[in-house]
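Quick notes on the structure that follows.
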Amino acid sequence: MLNKTSEQQDVAALTVSQLFRSGHYTIPIYQRNYAWGQEEIEQLIQDIWDVARQNRGDNHYFIGSLVVAQRGLERYETIDGQQRHTTLSILLAVLKHAFDLALPDITNINLHFDCRDKSDATLSSLFEHGCVPGDENVVESTVWRAWKIMVSFIRKMDIDRPAFLRYLLENVVVLRVTVPADTDLNHYFEIMNNRGEQLEKHEILKARLMDKLDSSASELERIAFATVWDACANMQRYVPLSVHHSIRDRWFGHKWNVIPQDFDDLLHASLKVKTPEESRTLHDIIRHPKGSLPEAAISSKTDEEHPGNFGSVITFPNFLLQVLRLMERNTPLDDKRLLDTFTTSDPDPRQFIMRLLKCRMLFDRYIIKRENDDDWSLKALTRYEKSFSYTSTFAPAEKASLRERNIPINQNAIMLLSMFHVSFPAQIYKYWLNGALYWLDKYAEPGQMNINGRDYLNYLENMANHFLLDRITETPGEQLYDFDEMENAPVCFPTHFDETPLHNGTGVQNYIFNRLDYLLWLNLKNKRQFSGVDMQYIEKRLDNFTFTFRTSVEHYSPQHPMNNELPLERSQGLEKGVDNFGNLCLISHSNNSKLSNYSPVAKKEHYEKSTHAESLKQVFMMSYDSWGHAAVENILHHKNMMVNVLLYRH
């Protein structure tokens, strides 16, 4: 062990190697099931590799705590940290079997699930054999899904795998905290469940930036700063609705579509006198809660108290980093480093708060969101004389003129933005959002919210093509994108290019599939006819297509067919056989798990029962009369058609 602290030696810093070489840990039945998804898993792996590259093995990297109660010699009951411990267990199994890396002195998984036989059997089988149990009834789907996410993600990473494993085992550290033997665990759990009441990093950052306001700053300036910060922090509602109703018109104009330009604008606007209620200053509003004011001074509808209706594509800490990145190009989008990043950048608090307010108001209007947990929306907050509502950001009659489109700009923008969002679920990789904010911040009229919808779509399309070009040429470099250069550099796809990145099975980038599905949707909406396929079959399923978080690459003709049938081979021009791009599409993990070994005929029968199309590429594949060994020409026809769509060939 690295060290022990306290007289009772109840805290130990353990490397991953030390954690798995000794001890036995049981996750009790009252703990929730394993629940980490793609974002958490990929974030952990990427974080470890990022630190490994930076430190080159010299320093330790702490990834959190494991709180346990000792139940015997080297036996522990896990109280907190089971999600991370389980993830590390699966990761070791993946590195051992999927990538043939040896695990020195780690002979088994020392994690056991109390009364959860499926979890035990699945984790044990993955570590011992690199596969799930043969009986599907004893497979824990969340653990199996995590394995597949890790395999897919690591294959796509530009990573030195042996170096990654060495750093993981010897430098990644878990802090094991053993609670005293007489601990009241019920009380402990009550405390843990209330941990959300602790200060979050963005609240600490707010205090630090306010402290940086010079000594001459008035109390009113500090109140104005805090008010803007708190309004922007609520990502579930539009900014004006998070500002007290008595100062909204002063800050944002009567129609709530004015963006304050200068920090002093906030201060001066808050001192203007209108009605007795509106004559209250910002200072009054903060210092005197509504309950202490005369009844006449309280609005009958204080909608700033109502919960938000919208689901954001990003958290507030990440949004802070997005804004800082506009001010300082190389800002990382990792919110775990939020405080360190701002300490290094050291922005002027007045300049930052005004940039934050501007970007947040543009974000509200021009970036997609979930409305009431339903589908994607792109709406503007519209103020009327005595009420407000949410209306389409771009007028319904306004059409996108690019490439003779007849699609309303609002609908087109929703599809394009949701394509980006689902392609990069981890917030640390939302460079597309930074590109969109860059353009909105640059071209919004001073003090106003208006932008040209067609120009916005043009820019987003060009950014989408840059992202695609990097991925089909195997040179992803989104962290280095210069959006100024990108804006003025239209993409020209090569006439001839190496298709290898497309014929890579589960290693094909999700973004490639999502970009293709968007382009298929666009072509079909513009009434383009494709030869060699059943257009009527395809068009029936078009209107039900929307972008969802699909993470599994499906082989339409399966890798491991049932009934001892042979998989597609590399013959008759079918490069990489079953892994050929013509045989692949992107669907949800749940559907892929259920149907992965089924024949194309069985899969088609299953999907035709649903009114929802998960993948337009899959719909095209299902439109053929036959698929597989006897129809290699259909697979090649489909592949060529899809490549032509992807690269704008006709």
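- At a cut-off of 3.5 Å, with distance as the only test, no side-chain donor of Tyr518 or Ser418 sits close to an acceptor on the other residue.
- Atom CG of Asp158 sits in a sparse spot, with 12 or fewer heavy atoms from other residues, nucleotides or ligands closer than 6.0 Å.
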Worked check of side-chain contact (heavy atoms from CB on, under 4.5 Å) between Met150 and Ile45: CA-CA 8 Å; Met150 291 179 191; Ile45 294 172; 3.9 Å; yes
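- Ring geometry for Phe467 against Phe420 counts as perpendicular: the plane angle is over 60°, on a 0 to 90° scale with 30° as the lower cut.
- Annotation: Phe483 is not in aromatic contact with His466 [ring centroid separation under 6.0 Å not met].
- With salt bridges taken as basic N to acidic carboxylate O contacts below 4.0 Å, none links Asp47 and Arg337.
- Using modelled atom types, one finds a donor on one side chain and an acceptor on the other under 3.5 Å when comparing Glu487 with Tyr443.
- When every heavy atom of Gly507 is checked against every heavy atom of Lys156, the shortest pair comes out as O-CG, 3.6 Å.
- A donor and an acceptor atom, one from each side chain of Glu42 and Gln38, are located under 3.5 Å apart.
- Stacking of Arg176 on the aromatic ring of Tyr76 is recorded, both the 6.0 Å distance cut-off and the 45° axial limit being met.
- With Tyr459 contributing its side chain and Gly435 its backbone, the two residues share a donor-acceptor pair below 3.5 Å.
- A donor atom on one side chain and an acceptor atom on the other are found under 3.5 Å apart for Arg550 and Asn514.
- Note: His421 and Phe547 fail the aromatic proximity criterion, with ring centroids not under 6.0 Å apart.
- When all heavy atoms are compared, the tightest approach of Pro260 to Asp265 is C-OD2, 4.2 Å.
- Ionic pairing of Arg53 and Asp160 is not present here: no N-O contact between side-chain nitrogen and carboxylate oxygen is shorter than 4.0 angstrom.
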Residues Ile368, Val313; criterion side-chain contact (heavy atoms from CB on, under 4.5 Å); working and verdict: CA-CA 7 Å; Ile368 56 162; Val313 299; 4.1 Å; yes
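- If you look at Phe342 and Phe352, their ring centroids are closer than 6.0 Å.
- Looking at Arg237 and Asp364, no side-chain N of the basic residue comes within less than 4.0 Å of a carboxylate O on the acidic one, giving no salt bridge.
- For the residue pair Ser17 and Arg21, a side-chain donor N or O sits within less than 3.5 Å of a side-chain acceptor on the partner.
- Using a 3.5 Å distance cut-off with no hydrogens or angles, the side chains of Gln322 and Asn318 do not pair a donor with an acceptor.
- For Gln43 and Tyr429, the side-chain atoms include no donor-acceptor pair closer than 3.5 Å.
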